[in-house]
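Here's the structure we're looking at; comments come further down.
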Amino acid sequence: MQLEAHPSAFPNAEFEQLMARYQQADPGAVAVLVERLSPQLYRFFASQLGNRADAEDMLQDTWMRIHRVRHTYRAGDPVLPWVYTIARRVRVDNYRKRFRMASREMGVDVLPELPTHNDETSSLPSFEELVAVLPESQREVVTMLKVDGLSLEEIARVTSSTTGAVKQKAHRAYERLRKILERATKGPERTPPPQSASKGVAQ
Amino acid sequence: MRSQTMTCREMDAVIASHAGDLTLPREAAEHVVECEGCRLLVKAFDNGHTSLGPPEDRLKQIQAAIKEDLRPVRPLASSGVFLLAFILISLAVVAIGSQLLGVNGWNALSTIQRMTIFAALTASVFLLAISVVRQMAPGGKHSISPRLLPIGILAGLILATAVIFQVRHETAFVPDGLACLRTGMTYSIPAALLFWVLLSRGAVLYPKLTGAAAGGFAGLIGVSVLEVGCPNLDLYHILVWHLGVILLCAIGGLSLGAAVDHFRRRSIRGHSRI
């Protein structure tokens, strides 16, 4: 599978320059920023929702909000935490909207269960299947670490928490995934029901 | 699990920073051979995620919409400038309050009480000001969680008050208290309005959280005015009627933030379509 480079693979200084040019109304900078950041932002939404149409809408909403608050980016600050904090807020709003709609329809939010594999060498679950069993706040941290390539410090900025708290969430997520993966490869035992169905989006 | 090389916990740091296309460090690779859980986890993450990206036409739409409304903007002033502005507003309100109410409270306090209560108030003002300023721009670095800070500050002030003040006989607990509460709010509300003007320059993403913090901050200014002006040193009077100003202001800020959040979401829903 060919994965595109994480935005973090690009030097932050380059993003900073692009943001400064964006603030000066340079259309070229806008085009480059949208092209470079959108694929990862899209995966940030899609990995946690599993719904591409919603992910596209949220991507668009994120860029509209970025545009509205572009003056709040300060030169020298890391760009990715700034962008992802806005994207996270869009996701929280979208989650609330979906939750309200689901409550009105009295629907049950069914999340995918991890498929079982008897052979370790057989294909393991996809990333989306794997993180779907995690509580919302842990899924968010693992997605930002593994899909978006953000560092623990950057995630702490995005989630308005401390690096220690993010590290703890990642640790708990890995512990849980280790157990689930071991069980999934050993036999057709059912995985525990995902907690995220009953938990809200972490703020 | 502990292998000869490293533990699963130590392995977590490697997994967090490991990109699939890189080779694991030697110790981590040895651990992975021995530990099934870590091996499966590394494999599952290396398995990758969907490489799908957004459709090209959607990106073009986004770019076009942004370019249509592209105007130069002046970047937000530095955090230091806003911090200074918040502190100057706080000092100005306390100075005006002291001028109008007098300094009977300051004079009634013993040296220990004066040092403790004003050190606690000053530290609280600084911590909340820093937290509020960092909430003005997305992605700010927080050394203390902004959700816990206002609660921690209120708890700290209650503790400090309980330690340094004693219960005294009071004949008019409620009337005196209500007068103090009113006075505290009289100074907190203008401070809150000025804070609101500063906050409106930034992008507050979580208005309820920021509203509660800014409200609590304005409440602290009201309490500072009361500590300088009110000579009543009864423990319950200070706990209920002085510190109550912080609680009331924080609740007011939270409610205002909730209203802003509600209206903003409605307006975003209306404007986000391109």
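The chains referred to below are lettered A, B, ... by the order of the sequence lines, with proteins before strands, and numbering in each begins at 1. Quick note: numbers below take in every heavy atom, side chains included, and nothing from hydrogens, waters or symmetry partners.
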Just give me the residue among [options] that pairs up with chain A most often, heavy atom to heavy atom, under 4.5 Å.
options	answer
B:L205, B:L59, B:L148	B:L205
B:K67, B:K141, B:H142	B:K141
B:I144, B:I66, B:L209	B:I66
B:S143, B:P54, B:G37	B:P54

Could you tell me whether [X] and [Y] make a salt bridge, using a distance below 4.0 angstrom between a side-chain N and a carboxylate O?
X	Y	result
B:R58	A:D57	yes
A:E153	A:R157	no
A:R178	A:E175	yes

Atom [atom1] in [X], atom [atom2] in [Y]: separation rounded to 0.5 Å?
X	Y	atom1	atom2	value
B:H31	B:M6	NE2	CE	7.0 Å
B:M136	B:S200	CE	OG	7.5 Å
B:Q63	A:L33	CD	CG	10.0 Å

Please flag which part of [X] lies under 4.5 Å from any non-hydrogen atom of chain B: side chain, backbone, both or neither.
X	value
A:A31	both
A:H67	side chain
A:V141	neither
A:D77	neither

Parallel, tilted or perpendicular, judged at 30° and 60°: which one describes the rings of B:F86 and B:F217? tilted
Who among [options] has the most heavy-atom pairs with chain B under 4.5 Å?
options	value
A:K167, A:K179, A:H71	A:H71
A:L152, A:T162, A:T72, A:L177	A:T72
A:R70, A:R74, A:E56, A:Q24	A:R74
A:V142, A:V34, A:L41, A:T143	A:V34

Whatever's closer than 4.5 Å to a heavy atom in chain A on B:R74 counts as backbone
So, the part of B:D69 with a heavy atom under 4.5 Å from chain A: the answer is both
- Query: Quick one: does B:R201's side chain have a donor or acceptor within less than 3.5 Å of a partner on B:A77's backbone?
  - Reply: no
I'd like to know whether the aromatic ring centres of A:Y22 and A:Y73 sit less than 6.0 Å apart in this structure. no
